[in-house]
Visitor: 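Supplied in structure tokens, the structure appears directly below.
Values reported hereafter were calculated over all heavy atoms of this structure, with side chains retained and with hydrogens, waters and symmetry mates removed. In this chain, numbering begins with 1 at the start of the sequence shown.
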Amino acid sequence: MASIIFVTLSVLSLFLCAGTDAQLSANFYSTSCPNVETIVRNAMTTAVNNEARMGASILRLSFHDCFVQGCDASVLLDDTASFTGEKTALPNAGSLRGFDVIDTIKADVEAACNATVSCADILALAARDGVFLLGGPSWTVLLGRRDSTTASLTDANNDLPSPFSDLSTLLTLFSNKGLSATDMTALSGAHTIGQGRCFLFRSHIYNETDINSTFAASLQANCPFSGGDNNLAPIDLQTPTTFDNDYYQNLLSQEGLFHSDQELFNGGSQDALTQTYANDFSQFSSDFVTAMINMANISPLTGTAGEIRLTCSAINS
């Protein structure tokens, strides 16, 4: 298992991010809800102990939140009469998981600090803890986000990267959110944990040539050419519930599960960085922390914008 480390480089990133949005602070709840991080960590520990995959699911939930309208917990909202939420968007429908875990954490936090901590902040903390509990790094999460009062099905369908995306599309989609090529390649390392559905990698294992033939054949047994669309495979076949750098080592051997994964090492601009991460977990871990901090600061609602939802799936009445 990868060693659990605290990445000191994150301190510099925190200062940079604080300059970008001075209303976010590591100490935002120090008086109003001083135990919030402990409450979130305890609930996430229970969830991950019950199902290790949940750490990956919460991390993905956070990613899909931040890439649509910013990190405002819009992804958690159910449909209403006035808007269609993001849960039924093509990248989300039938695959986003962990809503019940976030609801449990929210209930625990509300019991301690009523109407104080946003769902957006809970999701940011839970994503950090999911990584840590699976052997990855920890970092200081800036807090003070508020929750949106709307969601966007259209943006969810248009703004989220796809497992079918090529390198150019990935770089563009991340750049659109203010994230660098390094951020993109580091955040892709979240695929060191979690699982993917057959229909999302079927074309890669049957129709493409940038894949190890033995690896492709091993996946075809559980992902037939027709049918079995929802059959699961680990994105990192080696250590699917450990946050490490095996994902990048797999790419060097042409064993990326998704087309978009193998694009990071396929004769393009990210080959050298992918090789660096494959050889140096510490460098990957450090860059991943920086990228997570950068992502968590995409267009947060602060001050009097938005609201503090009492239930994460619904706006306040």
Side-chain angles (χ1 to χ4, degrees), residues 14 17-18 20-26 28-29 32-33 36-37 40 57-89 91-93 96-103 105-107 109-110 113 115-130 141-161 173-174 176-179 183 187 190 291-317:
L14 286 170
C17 291
T20 302
D21 196 317
Q23 296 186 74
L24 295 183
S25 165
F28 189 84
Y29 299 112
S32 60
C33 195
V36 61
E37 295 202 37
V40 174
S57 297
I58 296 297
L59 178 58
R60 182 169 183 256
L61 193 58
S62 175
F63 180 90
H64 282 227
D65 179 42
C66 289
F67 259 64
V68 181
Q69 297 189 169
C71 305
D72 61 358
S74 61
V75 73
L76 304 178
L77 286 171
D78 291 334
D79 296 349
T80 72
S82 60
F83 65 81
T84 302
E86 298 161 18
K87 292 181 178 180
T88 56
N92 297 339
L96 276 189
R97 309 171 70 246
F99 297 105
D100 55 337
V101 172
I102 298 301
D103 287 343
I105 298 173
K106 177 63 172 175
V109 171
E110 284 295 306
C113 320
T116 301
V117 180
S118 68
C119 298
D121 278 345
I122 287 172
L123 185 52
L125 289 169
R128 185 269 311 271
D129 290 348
V141 176
L142 294 176
L143 302 168
R145 298 167 194 79
R146 289 169 64 86
D147 299 323
S148 68
T149 55
T150 188
S152 176
L153 178 69
T154 299
D155 287 351
N157 279 323
N158 292 335
D159 292 0
L160 286 163
L173 290 172
F174 278 75
N176 289 345
K177 301 301 176 182
L179 299 173
D183 290 333
L187 287 172
M292 283 296 293
I293 293 170
N294 291 340
M295 185 183 76
N297 283 274
I298 297 174
S299 305
L301 299 174
T302 58
T304 58
E307 65 181 14
I308 304 298
R309 283 185 222 142
L310 300 181
T311 302
C312 288
S313 60
I315 60 175
N316 297 338
S317 56

Visitor: Please report the shortest heavy-atom distance between R97 and S57, naming the atom on each side.
Guide: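 Heavy-atom minimum between the residues: NH1-OG, 2.7 Å.
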Visitor: Give a yes or no on whether the backbone of A120 and the side-chain of D147 come within a donor-acceptor separation of less than 3.5 Å.
Guide: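 Yes; at least one donor-acceptor contact below 3.5 Å.
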Visitor: From S299 OG over to F67 CZ, what is the distance, rounded to the nearest 0.5 angstrom?
Guide: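 Answer for the OG-CZ pair, S299 versus F67, is 11.0 Å.
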Visitor: Name the one of V117, L125, I102 that satisfies side chain to side chain contact (heavy atoms under 4.5 Å, CB included) with V40?
Guide: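 Of the listed options, the one satisfying the test is L125.
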Visitor: Donor-acceptor pair, D159 side chain versus V68 backbone, under 3.5 Å?
Guide: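 No.
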Visitor: Do we see a donor-acceptor contact under 3.5 Å between the side chains of T150 and S148?
Guide: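 On atom types as modelled, these side chains do not qualify, holding no pair under 3.5 Å.
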Visitor: As a quick check of understanding, evaluate side-chain contact (heavy atoms from CB on, under 4.5 Å) for T302 and L24, giving each step before the final call.
Guide: CA-CA 8 Å; T302 58; L24 295 183; 3.8 Å; yes
Visitor: Tell me whether N92 contacts the main-chain N or O of E86 through its side chain, where contact means a donor paired with an acceptor under 3.5 Å.
Guide: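 Yes; judged by distance alone, with no hydrogens or angles, the pair exists.
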Visitor: Within this structure, what is the OG-CG distance for the pair S74 and L153, rounded to the nearest 0.5 Å?
Guide: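 Between S74 OG and L153 CG, I get 11.0 Å after rounding to 0.5 Å.
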Visitor: Got a donor-acceptor contact below 3.5 angstrom from the T311 side chain to the S313 backbone?
Guide: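 Such a contact is absent between T311 side chain and S313 backbone.
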Visitor: Hey, what do you get for OG1 (T304) to CD (Q23), rounding to the nearest 0.5 Å?
Guide: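 Going from OG1 on T304 over to CD on Q23, the span is 8.5 Å.
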Visitor: So, D78 and K87, do they make that salt bridge, N to O below 4.0 Å?
Guide: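 Yes.
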Visitor: Any donor-acceptor pair under 3.5 Å linking the side chain of K106 with the backbone of R309?
Guide: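 Checking the backbone N and O of R309 against the side chain of K106, a donor-acceptor pair under 3.5 Å is found.
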Visitor: To the closest 0.5 Å, what do you measure between CD1 (I308) and OG (S118)?
Guide: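 Going from CD1 on I308 over to OG on S118, the span is 5.0 Å.
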Visitor: Consider side chain to side chain contact (heavy atoms under 4.5 Å, CB included). Of I122, I58, V36, which one does I105 pass it with?
Guide: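 Testing I105 for a side chain to side chain contact (heavy atoms under 4.5 Å, CB included) against I122, I58, V36 leaves exactly one candidate, I122.
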Visitor: From I293 CD1 over to R128 CZ, what is the distance, rounded to the nearest 0.5 angstrom?
Guide: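 If I round to the nearest 0.5 Å, the distance is 10.0 Å.
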Visitor: Testing the basics here: between H64 and P91, what is the closest heavy-atom pair and its distance to 0.1 Å?
Guide: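 H64 and P91 have their closest heavy atoms at CE1-O, 3.6 Å.
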Visitor: Using distance alone, with no hydrogens and no angle criterion, decide if T149 and E307 have a side-chain donor and acceptor under 3.5 Å apart.
Guide: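 No pair is found: no donor N or O on one side chain lies under 3.5 Å from an acceptor on the other.
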Visitor: Within a strict 4.5 Å, meaning less than it, do heavy atoms of the C312 and D103 side chains meet?
Guide: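 Yes, close enough: below the 4.5 Å cut-off.
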Visitor: Do any N or O atoms from the side chain of D65 and from the backbone of A73 form a donor-acceptor pair under 3.5 angstrom?
Guide: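 Answer holds: yes.
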Visitor: Where the side chain of D121 meets the backbone of R145, is there a donor-acceptor pair that is under 3.5 Å apart?
Guide: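 Answer holds: yes.
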Visitor: Is there a donor-acceptor pair closer than 3.5 Å between any side-chain N or O of N316 and the backbone N or O of L310?
Guide: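 The answer is yes, because a donor-acceptor pair under 3.5 Å joins these two groups.
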Visitor: Heavy-atom distance under 4.5 Å between the side chains of F63 and P161, does that happen here?
Guide: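 Side chain of F63 against side chain of P161, heavy atoms only: contact under 4.5 Å found.
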Visitor: Does M292 reach the side chain of V141, with side-chain heavy atoms less than 4.5 Å apart?
Guide: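 No, side chains not in contact.
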Visitor: Find the distance between CZ (F83) and CG (L77) and round it off to the nearest 0.5 Å.
Guide: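 It is 4.5 Å, given to the nearest 0.5 Å.
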Visitor: For the side chain of R146 and the backbone of G306, is there at least one donor-acceptor N/O pair under 3.5 Å apart?
Guide: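 Here the side-chain-to-backbone pair exists.
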Visitor: May I have the step-by-step check of side-chain contact (heavy atoms from CB on, under 4.5 Å) for L143 and E37, ending in yes or no?
Guide: CA-CA 11 Å; L143 302 168; E37 295 202 37; 4.1 Å; yes
